[in-house]
Amino acid sequence: MTKAEPDRPVKLSCRSLWKVYGADAQRHVRKRDLLSGDPSTVSERLKRDGKIPAVIDASFDVLVGEIFVVMGLSGSGKSTLLRCLSRLIESSHGQVLLDGEDLLAASPQRLIELRRSSMGMVFQHFGLLPHLSVLDNVAFPLRVQGCSVGERYARAREMIALVGLEGRETSFPHQLSGGQQQRVGIARSLAVGPGLWFLDEPFSALDPLIRRQMQDEFLRLQKKLGKTIVFITHDIQEAFRLADRIAIMRQGEIIQIGRPTDILRDPVDDYVAQFVEDISLLRAVHAADIAVQSGVDYGPCMETVLDTVYVEELVAKVATGSTGFRVVNAAGSVVGTIDRQTVLQVLERDRERRH
Ligand SMILES: Nc1ncnc2c1ncn2[C@@H]1O[C@H](COP(=O)(O)OP(=O)(O)OP(=O)(O)O)[C@@H](O)[C@H]1O
């Protein structure tokens, strides 16, 4: 298996993926044409020929256990990319490897198996079966897999509890709010225990408050489950809240891939810089990003914090008297320290870039 980081194997690998729409594109777009020049020139040529290059030469790796967010404006190609990755549609060219297995070469039978056992999918429109109860909706994919009644109801109840819908097992979709329906969709997609989870704008039909709650819920679930996730959104705030890494798409091309803090610090061009100008550094930079290996003791008002907390939290602590921080990871090992001054510098930098 390829390794992008020493201890994080690659779950999903996408190599030079293209999807071109248009009359007879599948027949008329030849692979050698796609490879006949630099991708931007090829894509301009395709457009002149009346084709729509929806995904242009996309390459990236998604690591085991990471939330990989694909972000872009409407029409930038996000859904098309996701559909090519899950092979809901056929790409025009490229390679998609799931745990090293070439998905684009998989037989229809193998694809069905993979979809049933290894991939979960959640879409914006919840896609629940209206005539089935919550319990039966969640148990449905297990029925398709051929699990016994006892087994599938037990698992479905477990998933319903996981998404906080205990007590609503006998309700029907129309009796639930949008947020609750999406929870059922999430429970259903998790029922088969997929290692890879595709989410296409799962919260965008929800109003802002519920959306925020669902994002928190999603992060809580992910902490527990540690799935590998490809998450599509057009909402930059959502992308920055959820992502381990973000891929930014513009007109079919991925123009930057990076951790939220790297994108903020070093946007690849003015387009990306404008996109992220409203994002607060305080909610994008984590303690781990500014910790240094110094071993300095900042005295009795030094606090211990997790490496995943945002600087926003550190600012609040500094305001109430903290003199510095000892930063630890989830296993409790010290990864570094942060002095009060560094926290205040991030605050200052955030003020400068937003004024
Ligand atoms: N079946 C199709 N036939 C022709 N063109 C298509 C088809 N599906 C998508 N497109 C075009 O491909 C481009 C990318 O569309 P896509 O739906 O992937 O974008 P998106 O970023 O997901 O947009 P949104 O956020 O609005 O869903 C658009 O120009 C769209 O019009």
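One-based numbering, in listed order, for ligands and for the atoms of each.
- For the side chain to side chain contact (heavy atoms under 4.5 Å, CB included) criterion with Asp307, the lone passing option out of Asp289, Val334, Val335, Val328 is Val335.
- Considering backbone and side-chain N/O of Ser74, one or more are found under 3.5 Å from N/O of ligand 1.
- In summary, Arg349 and Glu352 do not engage in a salt bridge, as defined by a charged side-chain N under 4.0 Å from a carboxylate O.
- Counting only heavy atoms of the protein, atom 25 (O) of ligand 1 lies nearest to Lys78 NZ, 2.9 Å.
- The protein heavy atom nearest to atom 27 (O) of ligand 1 is Ser79 OG, 3.9 Å.
- Residue Gly22 has no N or O atom closer than 3.5 Å to an N or O atom of ligand 1.
- With rounding to the nearest 0.5 Å, the separation of CZ in Phe325 from OG1 in Thr323 is 8.0 Å.
- By the 4.0 Å N-to-carboxylate-O rule, Asp61 lies close enough to Arg15 to be salt-bridged with it.
- Taking atom 18 (O) of ligand 1 as the reference point, the nearest protein heavy-atom neighbour is Thr80 OG1, 2.5 Å.
- Under a 4.0 Å N-O distance rule, the pair Arg220/Glu217 qualifies as a salt bridge.
- By the 4.0 Å heavy-atom criterion, Gly72 is excluded from the residues contacting ligand 1.
- Of all protein heavy atoms, the one closest to atom 30 (C) of ligand 1 is Ile52 CG2, 4.9 Å.
- Here the heavy atom of the protein found nearest to atom 3 (N) of ligand 1 is Tyr21 CD2, 3.5 Å.
- A cation-pi arrangement is found for Arg250 relative to Tyr271, the charged atom lying closer than 6.0 Å to the ring centre and inside a 45° cone about the ring normal.
- Residue Leu73 approaches ligand 1 through these ligand atoms, each under 4.0 Å from one of its heavy atoms: 21 (O).
- Annotation: atom 14 (C) of ligand 1 to nearest protein heavy atom, Gly75 O, 3.5 Å.
- The closest protein non-hydrogen atom to atom 19 (O) of ligand 1 is Gly77 N, 3.2 Å.
- In terms of protein heavy-atom proximity, atom 12 (O) of ligand 1 is nearest to Ala54 CB, 3.4 Å.
- Under the 3.5 Å distance criterion, the side-chain polar atoms of Ser91 are left unmatched by any main-chain donor or acceptor of Gly94.
- Between Phe60 and Leu81 the shortest heavy-atom distance is CE2-CD2, 4.0 Å.
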